[in-house]
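Data first, discussion second: the structure below is written as structure tokens.
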Amino acid sequence: MEVIFSNEDLAMEILSRLSAKNLLRCKCVSKRWTNLISDPSFVRIHHQRSRCISGLLVQEFEEYGGNILANDYFLYASVNGELGIFKLMDESFPHPTSVIMASCDGLICYRSRRTEDVEVLDIVVWNPMTQERLTLRPTDCHVGSIFGLAFYPFGSSAKMISCFKVVSIQRPKHGQNSYSFVIFSSETGKWKTSLEVCYCKDELHENKHIYVNGRFYWLTRNQNIITFEVDEELSGVITVPGSKWLAGGARLACLGDSDGYLHYVGIDMSELRVWMLTDPCKPIWVLKHHINIDQFGEESRDHYNHRVWHSPERIGDSFVVDAQTFHDEVVYLSIRGRLCSYDFKTGRLRFFFNGLYLRHMTKVQATVLPYTPTLATIGIPWLKQNSGIAISFASTSFNYQGRPRKKLKTRKT
């Protein structure tokens, strides 16, 4: 093995195609492998090649309902058969008390669930690969319940140090015709309220938003998209392409990304269409894919026509073909509640054989987010001390076989 990898270029070419979890194990082979895998240039190459998702983060919940009615659950649906990540997610995410908000290049953002007694939310940035968690409690600013996450694996400034930003979008305290933005930066360790105001009367969907190439996009219930450019702090409103469905019908639409472009997936009558936003500043939409939903099963169109003539908010399980998310030319759907994927490159429809059914019995539609573990999440300089915000830091270190070592005590600063 060492003879084969004596050529450093060959070693980098082969190792950079392994998963992040396997690379952590490879570090224990030799000091030479450790140095190679830890090298910034190797990490950058691996990050560029590890764009394929390993699974989906799936959650259905009631904000105030807890687990009383047994309608709440969290599940990591593996796409590539990696059971180690599945077990790690299942055992580590505190789903009875938390709501997943976003996933970005291996980091996950979730918040505490609101109760009748507690409205002040804790926002947590979680690195599942290392089990590091950073809990943020906003002070001296007004935040809502919808948060986005932007991770910069190789820095967002001249320092070129890994960092992240959390963005909260909400209505101002005294006004329902606009949205304001509050930003947390790991570089400064502080929250700040942006001066930018976006004028839009639409209500937002709780979990239909995405971060793509420096911008956040939130889908509204009136089938518009609110955008926010993070670095310049500029916002805008984009109208989605195609014809509009029934009022509140954006359940049948989702946002996604492929090759660094925003994609919009909508189900219109008997067709599923995928549009790509080529220029967010103009904006320009291009129809990229369209297929007839009849090919998903003979029942699909009949059930679709049935739900068109009934109130979509009362049908529940009769939502037969719903778009959940889109990533790298693959649309993830629920067909009669069963999670599946359709690959536009191969034309293959694949069902997830894990007994997962999206019930749509909760007020908020199920959260379905792609998760991509990357080596770039290892060694992030987590914030450990700041004034002005309350922060807790907890970590569970893992050895290269994936077994947890002794858990460190929670430390507050």
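Not a single donor-acceptor pair under 3.5 Å links the side chain of Gln176 to the backbone N or O of Lys201. A side-chain donor-acceptor contact under 3.5 Å links Gln59 to the backbone of Ile100. Formation of a donor-acceptor pair under 3.5 Å by the Tyr264 side chain with backbone atoms of Pro241 is not found in this model. With hydrogens and angles ignored, the 3.5 Å screen pairs no side-chain donor or acceptor of Arg350 with any backbone N or O of Asp343. Between the side chain of Gln131 and the backbone N or O of Pro128, at least one donor-acceptor pair lies under 3.5 Å. A donor-acceptor pair is defined here as one N or O able to donate and one able to accept, closer than 3.5 Å; such a pair exists between the side chain of Ser103 and the backbone of Pro370. A donor-acceptor pair under 3.5 Å is formed between the side chain of Arg111 and the backbone N or O of Ser145. Judged by distance alone, the side chain of Asn222 and the main-chain N or O of Asn224 form no donor-acceptor pair under 3.5 Å. In this structure, His327 contributes its side chain and Leu369 its backbone to no donor-acceptor pair below 3.5 Å.
In this structure, Arg215 does not pair ionically with Asp257, as no charged nitrogen and carboxylate oxygen lie closer than 4.0 Å. In summary, Arg137 and Asp122 engage in a salt bridge, as defined by a charged side-chain N under 4.0 Å from a carboxylate O.
No more than 12 heavy atoms of other residues, nucleotides or ligands sit less than 6.0 Å from atom NZ of Lys282. Heavy atoms of other residues, nucleotides or ligands lying less than 6.0 angstrom from OH of Tyr261 number 12 at most. Atom NE2 of His142 has more than 12 neighbouring heavy atoms from other residues, nucleotides or ligands inside a 6.0 Å radius.
At least one side-chain heavy atom of Leu219 sits less than 4.5 Å from a side-chain heavy atom of Val240. Using a 4.5 Å cut-off on side-chain heavy atoms (C-beta onward), Leu262 and Ile225 make contact. The side-chain heavy atoms of Cys141 and Lys192, taken from C-beta on, include no pair separated by under 4.5 Å. Under the 4.5 Å side-chain criterion, counting only non-hydrogen atoms from C-beta, Val237 is not in contact with Thr220. Side-chain contact between Phe147 and Val124: absent, with no pair of heavy atoms (C-beta onward) separated by less than 4.5 Å. Looking only at side-chain heavy atoms (C-beta outward), Phe351 and Ile335 come within less than 4.5 Å of each other. The closest side-chain heavy-atom distance from Cys198 to Phe228 is not below 4.5 Å. Here the side chains of Lys208 and Cys254 are in contact, with some heavy-atom distance below 4.5 Å.
Geometrically, Arg171 engages Tyr179 in a cation-pi contact defined by less than 6.0 Å to the ring centre and at most 45° from the axis.
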For Leu277 and Val212, run side-chain contact (heavy atoms from CB on, under 4.5 Å): C-alpha distance rounded to whole Å, both residues' side-chain angles, the deciding distance at 0.1 Å, then the answer. CA-CA 11 Å; Leu277 184 66; Val212 181; over 6 Å; no
Between Leu107 and Trp126, does the side-chain contact (heavy atoms from CB on, under 4.5 Å) criterion hold? Intermediate values first, please. CA-CA 6 Å; Leu107 293 186; Trp126 174 35; over 6 Å; no
Trace of the side-chain contact (heavy atoms from CB on, under 4.5 Å) decision for Lys345 with Asp328: CA-CA 10 Å; Lys345 291 179 289 188; Asp328 193 23; 3.9 Å; yes
Test side-chain contact (heavy atoms from CB on, under 4.5 Å) applied to Phe74 and Leu57, step by step: CA-CA 8 Å; Phe74 166 81; Leu57 305 168; 4.2 Å; yes
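Taking the six-membered ring where the residue is Trp, Phe93 and Tyr110 present perpendicular rings, their angle passing 60° and hence far from 30°. Ring-plane geometry between Trp218 and Phe181 is classed as tilted, the angle between the planes lying from 30 to 60 degrees on a 0 to 90 degree scale. The aromatic rings of Tyr152 and Tyr211 sit perpendicular to each other, their planes meeting at more than 60°, with 30° as the lower class boundary.
Closest of all the heavy-atom pairs between Glu60 and Ala366 is CG-CB, 3.3 Å. Minimum heavy-atom separation, Lys165 to Val230: CD-CG1, 3.6 Å.
Here Glu196 pairs with nothing under the salt bridge (Lys or Arg N to Asp or Glu O under 4.0 Å) rule; sequence neighbours left out.
For the side-chain contact (heavy atoms from CB on, under 4.5 Å) test with Tyr332, the passing option among Leu56, Val265, Val58 is Leu56; the others fail.
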